[in-house]
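One is the number of the first residue; the rest follow in order along the sequence.
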Amino acid sequence: ALPKTLILATALDEPCPTTIDLDAWQRRRQPGLIRPYQVCQAWVAQLGRHELLHEAALIGVVDLGGDLGLSGELASPEGGAIAGLLKAVNAEYQPLFVRVIDIGAADADTDAAAAILDEAALRDGETEVALATLHRLVLRPAPQSADALPPTAFPRQGGVWLVTGGARGVTAVAARRLARRFGLRLRLVGSTALEPFDPVWLDRDAAAMKKAKADFMIDARRQGLDPA
């Protein structure tokens with residue numbers, strides 16, 4: 001039977017590196033980042049095929065210092081990757097219940113397993129929560145007028161920006177908009193090999209691109225593939 005609850009807790013593994021040592025990160029990349037991603041991807045796909053997304057829960061347990069990383073004091077930095085993965089899933093698969101739980105500030109006497117299960121059952125609309133000894137923290141946006149920010153808070157006109165993983169997805173969208181607004185020159189760095197493409201794609205407008213994406217998804221479904 002397909003499990004309806006998936007809890008990712010690899011960010012609490014003992015081997016999790018707490019430094020920027022390259023060798024340590026290379027050793028953790030597969031078990032700490034790639035494998036959780038692959039498990040999550042396969043599980044969500046199966047839920048979708050069986051129309052069970054609305055009945056399932058995806059939980060990520062991390063140690064980001066007890067404040068979801070806002071202080072910068074992280075016991076397990078790879079928890080940020082798990083949190084990012086789950087927030088992306090939450091944005092793309094709305095019927096699925098998703099929650100990131102930061103237990104970094106929980107008291108040693110706290111029953112972590114019970115607290116995690118309580119959070120998994122609490123459907124209050126929160127995606128990220130941090131558990132401490134006497135309180136529970138959630139994130140809230142705090143609007144701030146851009147007029148009050150100093151000039152140094154904005155990109156310098158005509159500057160050069162290095163963007164990692166900026167060829168696709170939301171990073172590409174953000175990079176393009178920043179470049180257009182501030183006249184930036186972008187240097188994209190990624191691990192995906194370049195593939196030949198038809199230059200005609202460079203001249204297509206937004207409407208043509210939208211139609212091409214729709215045609216691609218329809219064709220994928222006809223072939224029995226998952227366009228996601």
Point to revise | Under the side-chain hydrogen bond (donor to acceptor under 3.5 Å, both in side chains) test, residues paired with T5 that sit two or more places apart | key: none
Check your understanding: Excluding sequence neighbours, so at least two apart, what forms side-chain hydrogen bond (donor to acceptor under 3.5 Å, both in side chains) with D124?
Key -> R99, R136
**Study point:** side chain to side chain contact (heavy atoms under 4.5 Å, CB included) assessment of L12 paired with V62
**Key:** CA-CA 6 Å; L12 304 182; V62 300; 5.6 Å; no
Review point. Taking only residues two or more places apart in sequence, or in another chain, which ones meet D118 in a salt bridge (Lys or Arg N to Asp or Glu O under 4.0 Å)?
Key: none
Please tell me if the side chains of [X] and [Y] come closer than 4.5 Å, counting only heavy atoms from C-beta onward.
| X | Y | value |
| --- | --- | --- |
| P31 | T10 | no |
| T127 | K87 | yes |
| E128 | I101 | no |

Point to revise | R29/E78 ion pair, N-O < 4.0 Å | key: no
Does [X] belong to the same Ile/Leu/Val/Met/Phe/Trp/Tyr cluster as [Y], with side-chain heavy atoms less than 4.5 Å apart forming each link?
| X | Y | result |
| --- | --- | --- |
| L85 | V39 | yes |
| V61 | L122 | no |
| L33 | V189 | no |
| V129 | I7 | yes |
| V138 | F97 | yes |

Point to revise | salt bridge (charged side-chain N to carboxylate O under 4.0 Å, His left out) pairs, two or more places apart, involving residues 208-219 | key: K211-D215
Check your understanding: Atom CD1 of I116 and atom CD1 of I103: how far apart are they, to the nearest 0.5 Å?
Key -> 5.0 Å
With sequence neighbours excluded, tell me which residues meet side chain to side chain contact (heavy atoms under 4.5 Å, CB included) with [X].
| X | result |
| --- | --- |
| Q30 | I34, R35, Q38 |
| A91 | none |
| A42 | none |

Name each donor-acceptor pair under 3.5 Å that joins a side chain in residues 43-58 to protein atoms two or more places apart or in another chain, with its distance.
{"from": "W43", "atom 1": "NE1", "to": "P3", "atom 2": "O", "distance (Å)": "2.7"}
{"from": "H50", "atom 1": "ND1", "to": "Q46", "atom 2": "O", "distance (Å)": "2.9"}
{"from": "E55", "atom 1": "OE1", "to": "K4", "atom 2": "NZ", "distance (Å)": "2.5"}

[X] and [Y]: which non-hydrogen atoms are nearest, and at how many Å?
| X | Y | value |
| --- | --- | --- |
| L86 | G60 | CD2-N, 3.1 Å |
| F154 | A146 | CZ-O, 3.8 Å |
| G104 | D63 | CA-OD1, 3.0 Å |
| C40 | V89 | SG-CG2, 4.0 Å |
| L131 | A115 | CD1-CB, 3.8 Å |
| A11 | G79 | CB-CA, 3.7 Å |

**Study point:** ILVMFWY clustering at 4.5 Å (side-chain atoms), partners of L70
**Key:** L68, L139
Practice item. Would you mind listing the cluster partners of I218? Hydrophobic ones only (ILVMFWY), side-chain contacts under 4.5 Å, chaining allowed. Key: none
Check your understanding: For residues 147-157, which residue pairs qualify under side-chain hydrogen bond (donor to acceptor under 3.5 Å, both in side chains), counting only residues two or more places apart or in two chains?
Key -> none
Review point. Distance-only, no hydrogens or angles: does the D102 side chain make a donor-acceptor pair with backbone N or O of L64 under 3.5 Å?
Key: yes
Review point. Would you find a donor on one side and an acceptor on the other, under 3.5 Å apart, between the side chain of Q94 and the backbone of N90?
Key: yes
**Study point:** Candidate pair L8 and L6, rule side chain to side chain contact (heavy atoms under 4.5 Å, CB included), full reasoning
**Key:** CA-CA 7 Å; L8 299 177; L6 175 61; 4.2 Å; yes
Side-chain donor-acceptor distances from residues 173-185 under 3.5 Å, at least two apart:
none

